[in-house]
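Only heavy atoms go into these numbers, but all of them, side chains included; no hydrogens, no water, no symmetry mates. Source: prediction; values computed, not measured.
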Amino acid sequence: EALVSGLSVDVDGDKATVIDVDLGLRYNLVDLGGQVMGALTLGYRSFDLDVEYDDEDSGEEVDIDIGFSGPYFGLSFWI
């Protein structure tokens, strides 16, 4: 499964951008009767946020560039 989403906004020179990417694999765990009883999940996720804001009245400026990325693993069971 692959999910990609993003948003970019530019208003009067103030900018914000968000990009989210998730690549994952899921393997269903099946019991002897053929019913799904859980899942193994493995993937990689990347999230980036970039914000630029300039308040001309007060002279304050904000410049944020944050990114999180890395692999993930999950194991789930249900009854």
Side-chain angles (χ1 to χ4, degrees):
E1 180 176 45
L3 301 171
V4 178
S5 61
L7 172 71
S8 184
V9 178
D10 186 344
V11 178
D12 297 330
D14 299 325
K15 301 175 185 178
T17 303
V18 176
I19 299 174
D20 188 12
V21 177
D22 186 356
L23 304 172
L25 299 172
R26 179 174 141 167
Y27 178 76
N28 287 335
L29 303 172
V30 180
D31 66 9
L32 294 178
Q35 287 193 338
V36 176
M37 56 182 263
L40 266 170
T41 305
L42 178 65
Y44 186 86
R45 185 144 192 194
S46 176
F47 178 84
D48 291 306
L49 172 67
D50 186 18
V51 177
E52 295 176 14
Y53 172 74
D54 184 11
D55 186 350
E56 295 175 4
D57 294 333
S58 67
E60 293 181 8
E61 294 182 14
V62 175
D63 188 6
I64 299 172
D65 189 5
I66 299 174
F68 301 98
S69 62
Y72 63 86
F73 172 78
L75 179 61
S76 58
F77 293 100
W78 51 86
I79 53 174

Assess whether side-chain contact (heavy atoms from CB on, under 4.5 Å) is satisfied between Trp78 and Val36, documenting all intermediate values.
CA-CA 9 Å; Trp78 51 86; Val36 176; 3.3 Å; yes
In this structure, CD1 of Ile64 is separated from OH of Tyr53 (nearest 0.5 Å) by 12.0 Å
Using a 6.0 Å cut-off, check whether atom CG of Asp55 has over 12 heavy atoms from anything other than its own residue.
yes
Where Tyr44 and Tyr72 come nearest, the two heavy atoms and their spacing:
N-CE2, 3.6 Å
Please say yes or no: joined through hydrophobic side-chain contacts below 4.5 Å, possibly via intermediate residues, are Leu7 and Ile19 part of one cluster?
no
Indicate if Leu40 and Val30 have the same hydrophobic cluster label, given that clusters are the connected sets of ILVMFWY residues with side-chain heavy-atom separations under 4.5 angstrom.
no
Contact summary for Gly67 and Asp48, nearest pair of heavy atoms:
CA-OD1, 3.3 Å
Given side chains that start at C-beta, do those of Asp63 and Asp50 come closer than 4.5 Å, heavy atoms only?
yes
Same apolar cluster: Val62 and Val11, side chain cutoff 4.5 Å:
no
For Asp22 and Phe47, run side-chain contact (heavy atoms from CB on, under 4.5 Å): C-alpha distance rounded to whole Å, both residues' side-chain angles, the deciding distance at 0.1 Å, then the answer.
CA-CA 9 Å; Asp22 186 356; Phe47 178 84; over 6 Å; no
Value rounded to 0.5 Å, distance of CG in Asp65 from CG in Leu49:
8.0 Å
Set out, in order, the CA-CA distance, both residues' side-chain angles and the distance that settles side-chain contact (heavy atoms from CB on, under 4.5 Å) for Asp20 and Arg45, then state yes or no.
CA-CA 8 Å; Asp20 188 12; Arg45 185 144 192 194; 2.6 Å; yes
Indicate, with yes or no, if Val9 and Val51 share a hydrophobic cluster defined by side-chain heavy-atom contacts under 4.5 Å among Ile, Leu, Val, Met, Phe, Trp and Tyr.
no
Can any side-chain N or O of Asp14 pair as donor or acceptor with the backbone N or O of Asp54 at less than 3.5 Å?
yes
I'd like to know if Phe68 and Val18 are part of one continuous hydrophobic network [Ile/Leu/Val/Met/Phe/Trp/Tyr, side-chain heavy atoms within less than 4.5 Å].
yes
When every non-hydrogen atom of Ala2 is compared with those of Leu23, the smallest separation belongs to CB-CD2, 3.6 Å
Count the heavy atoms belonging to other residues, nucleotides or ligands that lie under 6.0 Å from CZ of Phe73, then report whether that count exceeds 12.
yes
